[in-house]
Amino acid sequence: MLEFGNERCLSMKNCFVVPGPFLPYNDTITQLIYKQLRCLPYQYQVVSLKGPSSDEGLKKMLEEDPMYQKFSIQEVDDYNNVLFSIQNVNLFKGLRHMDRYVKKAIALYDGQPLVYTNSFPCYTIRVGKALKEKNPNITWIASFSDPINHSPYKFDQKTYDSYMLVEKVCFNLYCKYYVVDEDERDAFEHADVLVFICPEQRDFMIEQYRKYFGKLTEEEIRKKCVIVPLNYIEEWNTLLPLKETKKEDDVFVLSHFGRVYGLRLIEEFIEAVSLFVKKYPDVKLRIEQYGEFRKSDLKLIHALGLDDVFKVHKKIPYDACISKMQQSDAVLLFDTIVDESTIQPYLPSKILEYSLLAKNTLGITVKTSPSYRIMKESNAIVCRYDRGDILAGLEELVIHNRVSIIDYATKNKDSVKDLTEMLRKFD
């Protein structure tokens, strides 16, 4: 019999989970969902979409995790059938399978007293709303990985202008059917508990709701809100202890892992690197990028004569990422860049890995972002999106060897304490 604190499996309530794709498909959001639910005292019936692939390393960890026994998973369709993107332009197929998934999940609901949805994907909210309307006494937990309502990425005009016509059409259709402002509104108005990953995300989303919908007061919304920070499962121990690595040369390697796209702007960083190279010609510096990269950034790198400094690679598997992080002298955090008159609500998940690995980090962000707050509180080197500020940060890191470690590492069992207390109100 599994034990969780003073509670046992036999006394656990059942929770109906509608996540879109789920584990063992290894994705930032699938792991976020599992970590939010894993230590709560519930049994889970999961109605999911089969992910494009299974991560064998993650699958092994799940099989060895006693908490995973609480999850009964039924895959009712393939995620690729529902997905709509520039690469998968069959909108009618995507909408048909999306509607099928929503209806199937509603049909499979079997009286569980709790319902959990997570967005993205936003259509999980439609299941939660339908079940809440039919069963007013259930407790609906609506979790959010990112904002939906008037997300800054919907208004990234520079990226939009760079799209070809077919890409613009796909983007508009994606916003119309897949990232729908009204879905977030429905969760705010009908869910019993709203889960966010950081205060900035919560405050931005409340602000947008009040501005564009406004049926509920800010006080009414905040009573439903709870923060579950990004966290790690101590028992998995996939990152620690650190492996000893030897430097192959005297080059200072600064690495970034993840997509560089949309509002994740880096032009000012590239310009700062150019200034650094000119100011310190005898210092050997290399920037390693792993993942999607803008063509315009490659053109700027070439125009500034930095082809030997920047090395751009394709996306690599998670284990390889961790190894490359360990081998790097320091790592980069490129954040979403917005006007500082507004809240920046996005928190990159890699900030957790950087913290666990105790890697020196250089952050490029804005003052109103969670990354800026966390790095300032950690006394790590964080720069605003300004080439002069970034140059000063590079000097601190590379020339003066300043320690720049992020302190942001909450254990999984500790991360859900506030959520657990919130849900006790509904027992």
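Side-chain atoms are counted along with the backbone in the values below, which use heavy atoms only and exclude waters and symmetry mates.
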Lys411 vs Glu234, test: salt bridge (Lys or Arg N to Asp or Glu O under 4.0 Å). Steps then yes/no. CA-CA 6 Å; Lys411 295 178 182 178; Glu234 193 176 15; 3.4 Å; yes

Are any non-hydrogen side-chain atoms of Leu37 and Tyr116 less than 4.5 angstrom apart?
yes

| Does Lys359 come within less than 4.0 Å of Asp329, counting only side-chain N to carboxylate O? | no

Taking the side chain as C-beta and beyond, is there a heavy-atom pair between Phe171 and Asp156 under 4.5 Å? no

Problem set entry | Flag for Asp161-Gln157: side-chain donor and acceptor within less than 3.5 Å | yes

Check your understanding: Taking the side chain as C-beta and beyond, is there a heavy-atom pair between Lys168 and Tyr160 under 4.5 Å?
Key -> yes

Assess whether a salt bridge exists between Arg373 and Glu200, defined as any Lys/Arg side-chain N lying under 4.0 Å from an Asp/Glu carboxylate O.
yes

Minimal heavy-atom distance between Leu285 and Val251, with the atoms involved, is C-CG1, 4.0 Å

### Query
Backbone N or O of Val253 within a donor-acceptor pair of the Ser328 side chain at under 3.5 Å?
no

| Taking atom NZ of Lys224 as the centre, does the number of heavy atoms from other residues, nucleotides or ligands within less than 6.0 Å exceed 12? | yes

- Is there side-chain contact between Phe196 and Pro345, with heavy atoms separated by less than 4.5 Å? no

Only residue of Arg259, Lys314, Lys315 satisfying salt bridge (charged side-chain N to carboxylate O under 4.0 Å, His left out) with Glu292 is Arg259

Residues 102-110 side chain polar contacts: donor-acceptor under 3.5 Å, at least two apart:
unit_1: Lys103; atom_1: NZ; unit_2: Asp99; atom_2: OD2; d: 3.1
unit_1: Tyr109; atom_1: OH; unit_2: Gln112; atom_2: N; d: 3.4
unit_1: Tyr109; atom_1: OH; unit_2: Gln112; atom_2: O; d: 2.6

Item to complete: Please check if the side chain of Glu167 supplies one atom and the backbone of Met164 the other of a donor-acceptor pair under 3.5 Å.
Response: yes

Evaluate Tyr174 against Phe84 for ring-ring contact (aromatic ring centres under 6.0 Å, His included), listing each step before the verdict.
CA-CA 7 Å; Tyr174 182 73; Phe84 172 70; 7.1 Å; no

| Could Arg185 and Phe188 be counted as a cation-pi pair, given that NZ or CZ must be under 6.0 Å from the ring centre and within 45° of the axis? | no

### Query
Asp389 side chain to Cys383 main-chain N or O, any donor-acceptor pair under 3.5 Å?
no

Please work out which of the three classes, parallel, tilted or perpendicular, describes the rings of Phe269 and Phe310, given edges at 30° and 60°. perpendicular

Can you tell me if Ser323 uses its side chain to pair, donor with acceptor, with the backbone of Ala320 under 3.5 Å?
-> no

Do the non-hydrogen side-chain atoms of Tyr212 and Asp181 ever get within less than 4.5 Å of each other?
no

Just by distance, do the side chain of Tyr354 and the backbone of Leu332 share a donor-acceptor pair under 3.5 Å?
yes

Check your understanding: Any salt bridge between Glu219 and Arg222, counting N to O under 4.0 Å?
Key -> no

Practice item. Considering only NZ, NE, NH1 and NH2 on the basic side and carboxylate oxygens on the acidic side, decide whether Glu288 and Lys311 come within less than 4.0 Å. Key: no

Checklist entry - Would you say the side-chain atoms of Ser349 pair up with the backbone N or O of Thr28, donor to acceptor, closer than 3.5 Å? => result no

Taking the six-membered ring for Trp and the single ring otherwise, decide whether the centroids of Tyr153 and Tyr261 are under 6.0 Å apart.
yes

salt_bridge(Glu235, Arg38) N-O dist < 4.0 Å: yes

Subject >> Lys/Arg N to Asp/Glu carboxylate O, Asp183 vs Lys129, below 4.0 Å >> reply: no

### Query
Would a distance-only check, ignoring hydrogens and angles, find a side-chain to backbone donor-acceptor pair under 3.5 Å from Thr368 to Thr342?
yes

message = Under a 4.0 Å threshold between the charged nitrogen and the carboxylate oxygen, would Lys132 count as salt-bridged to Asp192?
response = yes

Next on the checklist: Are Ile322 and Gln326 packed together at the side-chain level, in the sense that at least one heavy-atom pair is separated by less than 4.5 angstrom?
Outcome noted: yes

Note to self: With no hydrogens and no angle check, just 3.5 Å: does a side-chain donor-acceptor pair link Tyr346 and Ser151?
What the structure shows: yes

His150 versus Gln208, side-chain donor and acceptor atoms under 3.5 Å
no

(message) I'd like to know if the side chain of Ser378 pairs up with that of Asp407 as donor and acceptor (distance under 3.5 Å, no hydrogens or angles considered).
(response) no

Practice item. Kindly indicate whether the side chain of Leu254, heavy atoms from C-beta on, has any atom under 4.5 Å from the side chain of Arg286. Key: no

**OP:** Given ring-ring contact (aromatic ring centres under 6.0 Å, His included), test Tyr44 with Phe16 step by step and report yes or no.
**Re:** CA-CA 6 Å; Tyr44 300 102; Phe16 188 70; over 10 Å; no

Query - Test item: Arg210 side-chain N/O and Leu216 main-chain N/O as donor-acceptor pair under 3.5 Å - result: yes

Arg264 meets the side-chain hydrogen bond (donor to acceptor under 3.5 Å, both in side chains) criterion, sequence neighbours left out, with none

Checking Glu220 against Thr217: is there a side-chain donor and acceptor pair closer than 3.5 Å? yes

is_close_aromatic(Tyr177, Tyr123), centroid dist under 6.0 Å
no

Taken to the nearest 0.5 Å, the spacing of Ser48 OG from Ile73 CD1 works out to 6.0 Å

Q: Identify whether the distance between the nearest side-chain nitrogen and carboxylate oxygen of Lys417 and Glu421 falls below 4.0 Å.
A: no

Do we see a donor-acceptor contact under 3.5 Å between the side chains of Asp335 and Ser371? yes

Check your understanding: Does NZ or CZ of Lys324 fall inside the cone over Tyr290's six-membered ring, less than 6.0 Å from its centre and within 45° of the axis?
Key -> no

- prompt: Under the 3.5 angstrom rule, does the side chain of Asp78 hit a backbone N or O of Asn81 as a donor-acceptor pair?
  reply: no

Under the 3.5 angstrom rule, does the side chain of Asn231 hit a backbone N or O of Pro229 as a donor-acceptor pair?
yes

Close side-chain approach of Leu362 and Leu394, heavy atoms under 4.5 Å = yes

